Enquirer: 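First, the structure itself, so that you have it in front of you.
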Amino acid sequence: MEKIFVSSPNLCGNEKKYVDDCLESTWISSKGKYIGLFESGFASYVHTSHALSCSNGTVALHLALEALGIGSGDEVLVPVLTYIATANAVRYTGAEPIFVEADSDTWNLDPAKLEEKITPRTKAILVVHLYGNPVDMDPVMRIAREKNLYVIEDAAEAHGARYQGEMVGSIGNISTFSFFGNKVITTGEGGMVVTNDDALAAKVSLLKGQGVDPMKSYWHTVVGYNYRMTNIQAAIGLAQLENIDHQIMQRQKVEERYHEKLADLSDYLVFQKPTPGSTPVCWMFSVLLRETVSFERDEVMNLLAMAGIETRPLFYPITQLPPYVCDETFPVAERIASRGMNLPTHSLMTTEQVDYVCQTIRGIIGGQR
Ligand SMILES: *Cc1c(COP(=O)(O)O)cnc(C)c1O
């Protein structure tokens, strides 16, 4: 059997046609019609009034934070269980990420653990919809209102997910998406900042384009960045967006098949629980190995690799990584991370491939008895 990759982009739509159009028309840099089309299409998809494209999901976070005026001396609450970019973007601004423990069911930041981390320096709560599972936003928004904090949604892993019927990315003050090659939709590398706030959108636009005055060319009013997306990336993005509902549905089928085929292994495996009131998108189907599994997580991953199945460990808690090591412990996040892995999840996976992954897991876990 061919190797089964943990993720794969699905480029079955107009991607090639639109990219060819860029090449033939010579509009290959960060000007051109696809940028506007992708941005307006994405804004209407997530139900925000603005969508601003940029070069990747990490700089999208940097732009969002800087547009809010967050900087040196400020603190931003961040989940301890996330991808490193979430914390790094806070550091780029000079602010300090303050880590919040995970919820043992949803694996997202636990809203009940937020308030104890708030200090007079706290400026914002940066939530992450981990692996496509929406954060429980109601308590987060309530705390933010009470304490006068901004809310930023890092929706890099959750395009199309909903919380209480609302699109993720449209709930906080400003939100970000990533279009890296393994995300729900991709532009190769790419990112988007979305908001309903006109002033924030103008700030992001200024910052991502070298701080140039929109009314006066080559007049730079602030120290900005070159964080622009290219027309080629946007061309791919537009084609991806045309197919997003189909791609999400295919991912959902993969998820349902995993659940069906692994249901009887629930003495051995734990699954990520959808946040009540939400409709997650299955970015990465993930399992935790219970204590009843005598193998270490890495041993199981190695055995799967030998069977041609690529997997990923769950993210390490950020406070275990060298730039962020600290004395504080996060037992929930640490337990989830040490026993968890992402299984192959993408919209091109066949039922046979999912079944093969499940059968191989069953063989490994069954083989230990
Ligand atoms: C992928 C990801 C990012 C960063 O996106 P890039 O496009 O890779 O820079 C940020 N946050 C989270 C949670 C991610 O998964």
Side-chain angles (χ1 to χ4, degrees), residues 6-9 38 42 51-66 76-93 97 99-100 102-103 106-109 124-135 137 140 151-161 168-169 172 174-194 204 208 225-230 233-234 236-237 240 251 272 275 280-286 312-319 321 323-324 333 336-337 340-342 345-346:
V6 79
S7 72
S8 166
F38 183 39
F42 200 80
L52 299 119
S53 60
C54 56
S55 33
N56 58 61
T58 307
V59 306
L61 283 166
H62 186 198
L63 288 167
L65 289 157
E66 199 163 313
V76 178
L77 304 182
V78 171
V80 73
L81 192 59
T82 179
Y83 182 53
I84 185 82
T86 317
N88 283 349
V90 175
R91 279 269 176 95
Y92 297 163
T93 69
F99 298 103
V100 181
D103 176 90
T106 67
W107 308 353
N108 281 325
L109 137 171
I125 307 172
L126 202 184
V127 300
V128 179
H129 308 293
L130 201 71
Y131 303 123
N133 193 23
V135 168
M137 291 303 288
V140 172
V151 174
I152 306 154
E153 293 175 71
D154 178 350
E157 307 177 354
H159 319 55
V168 306
I174 190 165
S175 307
T176 65
F177 289 85
S178 164
F179 305 115
F180 182 66
N182 66 6
K183 300 294 161 94
V184 176
I185 61 168
T186 184
T187 60
E189 293 274 3
M192 196 74 86
V193 182
V194 302
V204 168
K208 78 168 204 179
Y225 308 94
N226 176 359
Y227 281 173
R228 295 179 298 251
M229 176 180 274
T230 67
Q233 289 168 289
I236 297 171
Q240 290 274 296
R251 285 173 174 277
Q272 187 180 19
T275 299
V281 52
C282 188
W283 177 51
M284 289 267 165
F285 187 84
S286 313
R312 305 189 339 182
L314 289 205
F315 297 123
Y316 293 95
I318 305 270
T319 48
L321 299 172
Y324 297 97
I336 294 170
M341 60 184 171
N342 308 124
T345 315
H346 56 83

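None of these values were measured; they are calculated from a predicted model. One-based numbering, in listed order, for ligands and for the atoms of each.
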Enquirer: Determine the interplanar angle of the Phe42 and His159 rings, folded into 0 to 90°, and report it as parallel if under 30°, tilted if 30 to 60°, perpendicular if over 60°.
Expert: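 Perpendicular, since the angle between the ring planes exceeds 60°.
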Enquirer: Of all heavy-atom pairs between Thr345 and Phe285, which one has the smallest distance, and what is that distance?
Expert: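 Nearest pair, atom of Thr345 first, then Phe285: OG1-N, 2.8 Å.
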Enquirer: So which bit of Thr58 gets within less than 4.0 Å of ligand 1, heavy atoms only: side chain, backbone, both or neither?
Expert: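 The answer is both.
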Enquirer: At a 4.0 Å threshold, what atoms of ligand 1 neighbour a non-hydrogen atom of Ala156?
Expert: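 Contacts of ligand 1 toward Ala156, numbered from 1: 2 (C), 3 (C), 10 (C), 11 (N), 12 (C), 14 (C), 15 (O).
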Enquirer: Which pair of non-hydrogen atoms, one from Ala124 and one from Ile152, has the smallest distance, and what is that distance?
Expert: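 Taking every non-hydrogen atom into account, CB-CD1, 4.1 Å.
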Enquirer: Phe315 vs Trp283 aromatic rings, parallel, tilted or perpendicular, using cut-offs 30° and 60°?
Expert: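 Aromatic pair Phe315/Trp283 classed parallel.
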Enquirer: Is there at least one pair of N or O atoms, one from Glu189 and one from ligand 1, spaced under 3.5 Å apart?
Expert: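 There is no such contact.
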Enquirer: Do side-chain atoms of Glu153 reach the backbone of Gly169 as a donor and acceptor pair under 3.5 angstrom?
Expert: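 The answer is yes, because a donor-acceptor pair under 3.5 Å joins these two groups.
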Enquirer: Within a distance under 4.0 Å of any heavy atom of Val128, pick out the atoms of ligand 1 and give their elements.
Expert: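 This gives 13 (C) as the contact atoms.
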Enquirer: With heavy atoms under 4.0 Å as the rule, classify the contact between Thr82 and ligand 1 as side chain, backbone, both or neither.
Expert: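 For Thr82, the contact with ligand 1 is made by the side chain alone.
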Enquirer: Under 4.0 Å from a heavy atom of Asn56: which atoms of ligand 1 are those, numbered in the order shown and with their elements?
Expert: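 Atoms satisfying the 4.0 Å criterion: 7 (O), 9 (O).
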Enquirer: Using heavy atoms and a threshold below 4.0 Å, how should the contact between Thr86 and ligand 1 be classified: side chain, backbone, both, or neither?
Expert: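 Side chain only; the backbone of Thr86 stays clear of ligand 1.
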